[in-house]
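Here is how names work: the chains are called A, B, and so on, in the same order as the sequence lines, proteins then strands, and each is numbered from 1.
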Amino acid sequence: MKDQLRQIIETVLTDLIAQNSLPEMALPKIQIDRTKDKLHGDFACNIAMMLARSAKMNPRQIATLLVEALPETDFITRVDIAGPGFINFTLSADTAQQIVKTILAEGDQFGRSDLGSGQSVQVEFVSANPTGPLHVGHGRGAAFGSAVSSLLKTVGFDVHREYYVNDAGRQMDILATSVWLRYLQACGEELVFPSNGYKGDYVLTIADGLKQEYGLSLVKPATVVFDDLVADEPDGGDKEQHIDGLILKAQTLLGDQAYRSVFDAGLNGILSDIRRDLADFGTNYDEWFSERSLMETGVVDKAIDALKEAEMLYQKEGAWWFKSTEFGDEKDRVVVRDNGQTTYFASDIAYHLNKYQRGFDTVIDIWGSDHHGYIPRVKASLAAMGENVERLKVLLVQFAVLYRGSEKMSMSTRSGQFVTLRELREEVGKDAARFFYVLRGADQHMDFDLELAKSQSNDNPVYYVQYAHARVCSVFRQLSERSLAWDKTEGENQLPRLTEDHEQALLSMLSRYPEVINSSAMNYTPHLLAHYLMDLARDFHTYYNAHQFIVDDVPLSQARLTLITAVKQVITNGLSVLGVSSPETM
RNA sequence: GCGCCUGUAGCUCAGUUGGAUAGAGUACCAGUUUCCGAAACUGGGGGUCACAGGUUCGAUUCCUGUCAGGCGCACCA
């Protein structure tokens with residue numbers, strides 16, 4: 001509809017210029033907006049005001065010229081000039097009703113489009129380190145990432161959802177060592193657990209599993225393990241050096257093979273937990289991509305070689321540095337440490353190069369906002385390898401600040417003090433949790449009050465939307481109880497009977513849905529969809545309270561039932577994009 | 001100190017890419033059910049859009065500065 005109006009206005013304007021009614025000038029992009037106020041019709045165009053300057057004419061004068069030259073159409077009944085020079089269009093009743101037929105005909109396809117025209121896009125999100133269970137902080141990334149993914153799918157992109165598994169590096173070694181030490185304790189060894197180790201209960205569980213599988217075969221005396229180590233911090237030493245010493249002990253005392261067993265027990269134990277949590281949360285992936293595989297297949301080395309060949313690396317103090325400052329980064333970055341180990345950044349360069357080489361038209365990274373400082377260097381590395389940086393889009397998700405009542409909670413994976421995503425889901429419910437997360441813009445700081453989300457879960461906005469859906473279902477149950485039936489064809493024929501203000505409002509709201517989907521998808525802003533659904537639900541509830549749907553006037557009744565069926569369909573479509581269910585009863 | 005994000009009703013947040021009289025939820029107050037589900041609806045009060053300049057027909061939106069908050073500035077991941 002907007003496009004049609006835009007086109008008509010454009011041709012009228014070019015005609016006017018050709019006839020010298022308007023001076024020669026470049027036409028800006030013609031904007032058609034939904035009106036806020038019903039008094040202003042359905043659509044508004046501000047083109048007259050935009051042209052006023054370059055045409056050196058009064059905006060109302062331009063608007064008058066334009067309106068007089070407008071051709072007759074069957075879908076516009078009124079055109080007004082208002083305010084400083086707005087041109088307001090009012091849709092014909094017939095056109096407004098048409099949307100209901102469209103919705104019923106397209107069903108769950110309504111709202112889909114081919115804006116993306118089959119372009120491939122990869123979306124990587126959550127990608128939490130497998131050093132502990134997912135907590136509520138990760139939930140926002142999961143809800144946002146899967147919503148963005150399904151939005152993009154809805155508008156015609158070929159979407160590939162991916163989780164990057166950081167299964168290499170020091171943090172994982174710390175986890176493996178933590179598991180082993182807990183295992184030793186479980187086997188009766190006396191030791192003081194390092195302050196920098198992972199202290200969560202899940203480590204105990206994994207250690208128990210290890211004991212069941214391997215018995216006492218991985219036991220080394222604690223006295224030997226802790227012999228000749230830098231003291232831990234509480235004892236006046238250094239916690240980092242202490243834990244590094246323990247890692248080295250674990251590796252040498254156990255040997256490569258046994259150490260790998262412990263390491264994998266930790267990794268797999270946690271990763272399978274993460275997979276299950278995400279699946280239960282309604283977040284699914286097409287691929288789980290292993291960082292270790294990048295190293296083992298030499299992709300990291302290849303990326304480093306590529307940078308060396310491009311003369312983008314130099315050696316300093318025994319390490320290899322990448323000249324990221326040449327591409328706008330604050331400082332150069334190390335990719336190979338003086339001890340020969342590649343850095344996390346090196347893996348990330350390789351990973352992004354790999355993403356590019358897999359041929360995605362667009363690569364989307366969804367990161368926690370604390371990683372924002374990382375963007376320049378990743379883009380720099382792609383630029384240095386001659387890749388088009390524009391293909392990479394990094395979306396940042398602000399962390400939710402957690403409150404329990406008025407008490408702010410500090411979260412730490414290491415200390416084992418956090419609310420897990422699973423706990424949240426079990427207490428608040430999947431639907432409510434997802435909707436809650438996606439209700440706010442991702443770049444918006446968010447206060448997440450657990451007490452509120454849990455104790456007042458009935459007040460959660462998601463129920464408001466779901467209830468609208470359930471109410472429609474309830475009406476139809478009522479209908480069959482009275483041995484009546486909805487006749488779709490008859491209903492569609494009677495749509496002109498929908499003359500109430502509430503019905504007009506609903507028709508207009510329904511027709512906005514495809515626009516909302518498009519702009520939510522293209523701007524990566526699922527919260528627009530969430531808000532739309534609340535608006536739609538509100539219009540429906542208002543309508544429900546104002547009018548009966550099952551009335552003696554059978555044609556009117558059929559028209560109304562047809563309208564609310566369309567409402568039900570759009571709610572289902574919208575909620576399903578957000579990964580929220582549409583229950584028939586609540 | 002430098003960089004990124006944010007500042008809108010008591011609280012939590014929207015605001016259609018610069019448009020018309022700035023909106024919801026919640027909380028508070030007053031109402032609505034012999035009627036398809038009251039998890040709903042109707043009405044009411046509540047604002048210097050952090051502050052000060054600038055850009056123009058027009059600014060909550062764009063630019064600059066100030067103030068306040070969050071995050072980031074590793075040979076950690």
Side-chain angles (χ1 to χ4, degrees), chain A residues 31-37 39-40 44 46 48-50 52-53 58-59 82-86 88 129 131 166 168-174 240 291 316-321 330-331 333-345 347-348 368-376 396 398-399 401 439-441 443-449 452 456-464 466-468 470-479 481-482 484 512 515-516 519 523 527-528 530-532 534-535 537-538 540-551 557 560-561 564 585-586:
Chain A
Q31 252 183 59
I32 307 286
D33 291 317
R34 291 272 177 179
T35 55
K36 280 184 205 163
D37 192 330
L39 290 173
H40 298 134
N46 61 1
M49 287 175 294
M50 294 182 76
R53 170 169 268 248
N58 181 316
F86 289 104
N88 293 333
N129 283 355
T131 51
N166 292 115
R170 180 166 171 267
Q171 293 304 320
M172 288 304 297
D173 284 321
I174 294 177
E240 301 293 347
E291 177 187 3
K316 190 177 86 179
E317 294 162 2
W320 284 93
W321 297 69
E330 289 174 354
K331 55 176 81 170
R333 309 290 174 176
V334 171
V335 290
V336 185
R337 287 190 257 164
D338 56 6
N339 64 6
Q341 282 189 324
T342 55
T343 60
Y344 173 85
F345 179 44
S347 294
D348 236 24
S369 60
D370 55 336
H371 284 71
H372 71 256
Y374 216 75
I375 300 172
L396 298 176
Q398 294 285 343
F399 280 134
V401 182
L439 206 49
R440 311 299 181 212
D443 57 356
Q444 195 63 241
H445 300 273
M446 178 168 112
D447 285 355
F448 198 123
D449 182 349
L452 195 74
Q456 300 194 1
S457 62
N458 276 358
D459 287 338
N460 194 297
V462 70
Y463 296 110
Y464 186 79
Q466 290 181 320
Y467 183 45
R471 263 186 155 175
V472 176
C473 296
S474 174
V475 169
F476 279 87
R477 281 193 298 273
Q478 187 64 222
L479 191 69
E481 272 175 31
R482 298 189 197 176
L484 299 170
R512 279 183 52 205
E515 295 165 24
V516 171
S519 92
N523 297 309
H527 74 275
L528 292 182
H531 282 270
Y532 167 83
M534 292 178 64
D535 290 342
R538 178 175 309 111
F540 171 77
H541 286 308
T542 303
Y543 180 39
Y544 183 98
N545 277 57
H547 299 285
Q548 290 279 116
F549 306 145
I550 304 174
V551 290
S557 191
R560 288 181 171 172
L561 291 170
I564 65 171
T585 59
M586 300 184 64

**Request:** Quick one: label A:Asp348 by what it contacts on the DNA or RNA (base, sugar-phosphate, nothing), any heavy atom closer than 4.0 Å.
**Result:** nothing
**Fill in**
Residues passing the salt bridge (Lys or Arg N to Asp or Glu O under 4.0 Å) test with A:Glu330, sequence neighbours excluded, are none
**Item:** Spacing of the P atoms in B:C36 and B:G45 (rounded, Å)
**Value:** 33 Å
**Message:** As a test of the definition: with a 90° window around 0 for syn, would you call B:U17 syn or anti?
**Reply:** syn
**Prompt:** When the C1' atoms of B:C57 and B:U66 are considered, how many whole Å apart are they?
**Reply:** 30 Å
**Asked** Quick one: is B:C41 close enough that its OP1 or OP2 comes under 4.0 Å of any side-chain N or O from A:Tyr467?
**Response** no
**Item:** A:Lys36 side-chain N/O to B:A20 phosphate OP1/OP2 under 4.0 Å
**Value:** yes
**Request:** With sequence neighbours left out, write down each residue that passes side chain to side chain donor-acceptor pair (under 3.5 Å) with A:Arg440, or none if nothing qualifies.
**Result:** none
**Whole-Å P distance, B:C13 and B:A77** = 34 Å
**Message:** Would you say that A:Val334 contacts A:Lys316 through its side chain, given a criterion of any heavy-atom pair below 4.5 Å between the two side chains?
**Reply:** no
**Request:** Report, as a single string ordered 5' to 3', how protein heavy atoms within less than 4.0 Å touch nucleotides 72-77 of chain B: B base, S sugar-phosphate only, - not at all.
**Result:** SSSBSB
**Request:** Tell me which of A:Ile550 and A:Pro59 sits closer to the 5' end of RNA chain B, going by the nucleotide each one is nearest to.
**Result:** A:Ile550
**Prompt:** With a 4.0 Å cut-off on heavy atoms, is A:Ala546 in touch with a base, just the backbone sugar-phosphate, or nothing at all?
**Reply:** nothing
**Secondary-structure stems for RNA chain B, with pairs counted as Watson-Crick or G-U when both distances are under 3.5 Å and runs at least 3 long** = B:1-7 with B:67-73, B:10-13 with B:23-26, B:28-32 with B:40-44, B:50-54 with B:62-66
**Prompt:** Expressed as a whole number of Å, how far does the P atom of B:G31 sit from that of B:A22?
**Reply:** 30 Å
**Message:** What contact category does A:Tyr544 fall into here, base, sugar-phosphate, or nothing, at under 4.0 angstrom with non-hydrogen atoms?
**Reply:** base
**Message:** For A:Arg53, give me all partners under salt bridge (Lys or Arg N to Asp or Glu O under 4.0 Å), at least two apart in sequence or on another chain.
**Reply:** none
**Asked** Using atom C1' of each nucleotide, how far apart are B:C75 and B:G70 to the nearest Å?
**Response** 29 Å
**Request:** Quote, to the nearest angstrom, the C1' distance that separates B:A27 from B:G18.
**Result:** 34 Å
**Message:** Under 3.5 Å, is there any donor-acceptor pair linking the side chain of A:Asp37 to the base of B:U21?
**Reply:** no
**Message:** By the 4.0 Å heavy-atom rule, please label A:Thr542 as base, sugar-phosphate, or nothing.
**Reply:** sugar-phosphate
**Asked** So does A:Arg471 get a side-chain nitrogen or oxygen closer than 4.0 Å to the phosphate oxygens (OP1/OP2) of B:A38?
**Response** yes
**Request:** Looking at every strand, decide which applies to A:Leu396 at a 4.0 Å heavy-atom threshold: base, sugar-phosphate, or nothing.
**Result:** nothing
**Message:** On RNA chain B, does the nearest nucleotide to A:Ala537 precede the nearest nucleotide to A:Pro84 from the 5' side, or the other way round? Give the residue.
**Reply:** A:Pro84
**Prompt:** Is A:Arg170 salt-bridged to A:Glu240, going by a charged N under 4.0 Å from an acidic O?
**Reply:** yes
**Request:** Would you indicate what A:His40 reaches in the nucleic acid, counting non-hydrogen atoms under 4.0 angstrom: base, sugar-phosphate, or nothing?
**Result:** base
**Item:** Residues in side chain to side chain contact (heavy atoms under 4.5 Å, CB included) contact with A:His527, at least two apart in sequence or another chain
**Value:** A:Thr525, A:His531
**Prompt:** Can you tell which of B:G37, B:C36, B:U16 lies closest to the side chain of A:Met586?
**Reply:** B:G37
**Request:** Could you pull out all residues at least two apart from A:Ala470 that satisfy side chain to side chain contact (heavy atoms under 4.5 Å, CB included)?
**Result:** A:Met586
**Prompt:** A:Arg560: what forms a salt bridge (Lys or Arg N to Asp or Glu O under 4.0 Å) with it, not counting sequence neighbours?
**Reply:** A:Glu503
**Asked** Would you find a donor on one side and an acceptor on the other, under 3.5 Å apart, between the side chain of A:Asn129 and the backbone of A:Thr131?
**Response** no
**Request:** Could you measure between the two P atoms, the one in B:U17 and the one in B:C62, and give it in whole Å?
**Result:** 13 Å
**Message:** Here's one to test your reading of the geometry: is the NZ or CZ of A:Arg471 within 45 degrees of the ring axis of A:Tyr544 and under 6.0 Å from its centre?
**Reply:** yes
**Message:** Does A:Thr585 reach a base, just sugar-phosphate, or nothing at all? Heavy atoms under 4.0 Å.
**Reply:** base
**Request:** For B:U16, decide between syn and anti, treating a glycosidic angle within 90° of 0 as syn.
**Result:** anti
**Asked** How far, in whole Å, is B:U61 from B:A20 if one measures between their P atoms?
**Response** 13 Å
**Message:** For nucleotides 6-11 of chain B, give me one character per nucleotide, 5' to 3': B if any protein heavy atom sits under 4.0 Å from the base, S if the only such contacts are to the sugar-phosphate, - if neither.
**Reply:** S-----
**Item:** A:Tyr464: ring-ring contact (aromatic ring centres under 6.0 Å, His included) partners, not counting sequence neighbours
**Value:** A:His541
**Request:** Give A:Asn46 one of three labels, base, sugar-phosphate or nothing, depending on what nucleic acid heavy atoms sit under 4.0 Å from its own.
**Result:** base
**Request:** Just jot down the side chain to side chain contact (heavy atoms under 4.5 Å, CB included) partners of A:Val336, sequence neighbours excluded, or say none.
**Result:** A:Ile304, A:Trp320, A:Thr342
**Item:** Residues in side chain to side chain contact (heavy atoms under 4.5 Å, CB included) contact with A:Asp535, at least two apart in sequence or another chain
**Value:** A:Met509, A:Arg538
**Prompt:** Got a donor-acceptor contact below 3.5 angstrom from the A:Asp33 side chain to the A:Thr35 backbone?
**Reply:** no
**Prompt:** Is the shortest side-chain N/O distance from A:Arg53 to OP1 or OP2 of B:C57 below 4.0 Å?
**Reply:** yes
